Enquirer: 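Attaching a single structure in structure tokens format; questions to follow.
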Amino acid sequence: MSRFPSLHEIGGNLAATARRFAPVVAAALCGTACSMAWVAQRSPEPATVAAGFSSAMMALALAVPMLFGLCLYRERFPGIGGNVLLAIGAGLVPAYFAALRSMQVPLPMMHVQRFVMLWAGAHFGVAVIPYVARPGSLGFWRFNERLFLRFLLGALYAGVLYAGLALALLSLDKLLNLDISGKAYADLAIFLAGTFHPIFFLAGVPGNLGALEGEAPHPAGLRRFVQFVLLPLVGVYLGILYLYAAKIAATCRLPNGWLARPVLILAVIGILSALLLEPVERSPEFRWAAAFRRWFYRLLLPLMPLLFLSIGRRIHDYGVTEGRYLAAVLAVWLTVMACLFSRARGASIKVIPSSLAILSVLMAFGPWGAFSISYRSQWSRLAAELDQMGIIKQGRAVPQPQKIELQKRQHLASMVNYLLKVHDRAAVDSLMEKVPAWQPYRRGGEIPYPYALGAGDAFLSALQIEGGTGSVGRYFHIALAPTGVISTPAGAQVSYHSISRLTPEARKAAFTLLPGGSLRIDPTGGPAKMRLIDGAERQWIDWAVVIDPLASEAVKTGAVGAASTISRGLDQLTLQRTIGGHAVKFVVTDVQGVTGEGAQITLNQIQFLAIVTAAGEGPP
């Protein structure tokens, strides 16, 4: 009968884990502290501060699996070599952070995507590092089974702990009036996910790899999960895809570009099923497992030509992006894996994580990588289109007033949006160096160009390229010049806010009135409205009351393009509310958006001042 461990034993186990994986535990603790500090920041926070926190969290999140793998390598190959590699890995963490901090603000999406690739590659590397140059696959499978089940168990424990402790905090708030803030719940979640779960997981990592080589019963629950959940899903996807292949053959049409998604989903489910069943393939009782592995890969091979055609069609029509590059690489990888494992005696399963780890790193860097090839593809397509329209002169863009079809204008805008959002904006700024209307949007200061929805429209408007009839699809940016003095009484809390992507379906924002009268903005998703929250009191604020008349007038008078300035009285730019004993005044200073059919206006960004005073001190 097992006994409950004593506090001394628990402390000893924690200390042993901390000694064994000291760099990993340190990275997890630093990541937890950094995440809590970020949450503690009041909004709005300067873009450079937000970029610093996000860069630190990315570097530390990557450090955890990378250092874990290097610790396992040091155990597998004790000596100076393992210690040197671990020291180099630890030194790469601050170097990666410094590299991210040197990038433009806000961080281009390519750096987030590269982080995901490296993070995935580090995890694939962890799966295979302890078994480098070690023959056999049974111990390899047992080791990864232990890691997989320990991870799931840790997630379960962390989830139950969060639910229980969150309810305890809520009880303290409601019963004892301790005024527990929302930050306490966020800190609890961060601690459990960033510290408790990693340490719990590390405590269960096998130390004696030799003991895993012996025969052991296959977990019955895992086998049933594969047999009754994953295998039926494989059958469903195979049936759908072969029916679609028959349709393509009958109609002699190229496959839909969407085909890559179900094929890749089928591959993930099927390969995971084969990996989970690998130890029982040689058992006479479960010969069907070996048959499934062979026939799955054999049935996957005929779908590969359709997958290549589907990806090729998308690349031909729209050029290469990181997603299409990844799909093409995975298609080649799947073809190779299907050829290797469709034989009666397949290759070692170690080739799957090891090859994925190598591909993840190779795709993230170099002229052959996803980002270099995608950038060259999209930039060359945009330059060719502009050159054909006579806009590029001696390597620089020169405005040429012209009208094009709305569909073509939207296509050009999407390419510009992609380049500005995913890649560094330096090339676009260089191209537009001699376009006066673009100069307000060049990078600089704390307020970089809002590269959300309006960037492509602003780019084309600056080049005097119109699309469709009338003003449909035209970008507008109204810098509002209030006539009058904005009064701020003594003791008033004044803050400046900027909200992007205010599409009707995409965003609203919750404003929380903090102690002292300051405001915190919390994006929540939804329509272009905002709500003030102070305890149980909530108010809805609809920006259309202020913005729609201004935007409609700008469209009617032709003041639409890269930038326009409209002077208006404070009463036309102001919304006032009273909440929780405070008077709140919003003064809109900048509006960006796109005109649509009829009177429809899509808002991309609003900038405004928020002035909060105690209700007894007079109007703000």
Side-chain angles (χ1 to χ4, degrees), residues 2 4-7 9-18 21 24-43 45 50 53-54 56-65 67-68 112 115-116 119-120 122-123 126 145-205 221-222 225 509-510 512 514-515 520-526 533 535-536 538:
S2 60
F4 193 79
S6 66
L7 292 178
E9 290 174 326
I10 294 174
N13 291 335
L14 286 175
T17 301
F21 299 109
V24 188
V25 173
L29 291 173
C30 291
T32 300
C34 186
S35 301
M36 289 182 177
W38 191 20
V39 171
Q41 290 293 311
R42 288 185 176 183
S43 185
E45 57 195 19
F53 277 115
S54 60
M57 287 187 291
M58 288 168 62
L60 291 168
L62 180 60
V64 170
L67 295 176
F68 176 45
V112 179
F115 158 76
V116 173
W119 185 82
H123 280 79
V126 164
E145 175 212 14
R146 294 280 186 90
L147 297 189
F148 178 65
L149 295 179
R150 186 73 177 183
F151 180 88
L152 294 181
L153 184 61
L156 176 63
Y157 283 15
V160 172
L161 279 172
Y162 178 78
L165 294 175
L167 288 174
L169 290 175
L170 184 62
S171 300
L172 290 173
D173 189 7
K174 298 299 182 182
L175 299 178
L176 301 180
N177 297 322
L178 292 184
D179 192 21
I180 305 296
S181 67
K183 181 180 178 298
Y185 296 91
D187 287 346
L188 176 62
I190 291 170
F191 172 78
L192 291 174
T195 299
F196 169 80
H197 185 272
I199 293 178
F200 179 88
F201 171 82
L202 293 172
V205 175
L222 201 60
F225 172 71
T512 305
L514 301 174
R520 185 183 69 212
I521 180 172
D522 300 308
T524 59
I533 305 175
R538 298 183 179 183

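Only a predicted model underlies this, so the values are computations on that prediction, with no experimental measurement involved.
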Enquirer: Can you tell me how the ring of His123 sits relative to the ring of Trp119, calling it parallel under 30°, perpendicular over 60° and tilted otherwise?
Expert: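 Taking Trp119 first and then His123, their aromatic rings sit tilted (interplane angle of 30° to 60°).
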Enquirer: Taking all non-hydrogen atoms of both residues, which atom of Val39 and which atom of Lys183 are closest, and how far apart?
Expert: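 Heavy-atom minimum between the residues: CG1-CG, 4.0 Å.
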Enquirer: What are the two closest heavy atoms between Pro198 and Ala193, and how far apart are they?
Expert: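 Taking Pro198 first and Ala193 second, the nearest heavy atoms are CD-O, 3.4 Å.
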Enquirer: May I ask you to test the Ile199-Val25 pair for a side-chain heavy-atom distance under 4.5 Å?
Expert: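 Yes; the side chains approach each other to less than 4.5 Å.
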Enquirer: Taking all non-hydrogen atoms of both residues, which atom of Arg150 and which atom of Ala203 are closest, and how far apart?
Expert: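 Heavy atoms only, the tightest pair is NH2-CB, 3.8 Å.
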Enquirer: Rounded to the nearest 0.5 Å, what separates atom CG in Leu29 from atom SG in Cys34?
Expert: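 Nearest 0.5 Å value for the CG-SG distance: 13.0 Å.
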Enquirer: For the residue pair Phe201 and Leu153, establish whether any side-chain heavy-atom pair is separated by less than 4.5 Å.
Expert: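 In short, these two side chains do not touch, never coming nearer than 4.5 Å.
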Enquirer: So do Val64 and Phe68 actually touch side chain to side chain, heavy atoms under 4.5 Å?
Expert: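 Not in contact.
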Enquirer: If every non-hydrogen atom of Ala61 is compared with every non-hydrogen atom of Phe115, which pair is closest and at what distance?
Expert: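 That closest heavy-atom pairing would be CB-CZ, 3.8 Å.
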Enquirer: Flag the pair Leu62 / Met58 as yes when at least one side-chain heavy-atom distance between them is below 4.5 Å, and no otherwise.
Expert: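 Sidechains of Met58 and Leu62: no contact.
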Enquirer: Do the two ring centres, one from His197 and one from Phe151, sit under 6.0 Å apart?
Expert: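 Close enough - the centres of the two rings lie under 6.0 Å apart.
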Enquirer: Step through the shown structure and confirm whether more than 12 heavy atoms of other residues, nucleotides or ligands are within 6.0 Å of CZ on Phe196.
Expert: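 Count over threshold, so yes.
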Enquirer: Leu192 versus Tyr157: any side-chain heavy-atom pair under 4.5 Å?
Expert: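 With C-beta onward as the side chain, the pair stays apart.
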Enquirer: Check Tyr185 against Leu169 and note the closest heavy-atom contact, atom names and distance.
Expert: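 Where Tyr185 meets Leu169 most closely, the heavy atoms are OH-C, 3.6 Å.
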Enquirer: Enter the distance from Leu170:CG to Leu175:CG here, rounded to the nearest 0.5 Å.
Expert: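 Interatomic distance, Leu170 CG to Leu175 CG, rounded to 0.5 Å: 8.5 Å.
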Enquirer: For residues Asp187 and Met36, report the shortest heavy-atom separation together with the two atoms involved.
Expert: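 It is O-CE, 3.3 Å.
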Enquirer: Any sub-3.5 Å donor-acceptor pair from Thr17's side-chain atoms to Leu202's backbone N or O?
Expert: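 Looks like no, no N/O pair under 3.5 Å.
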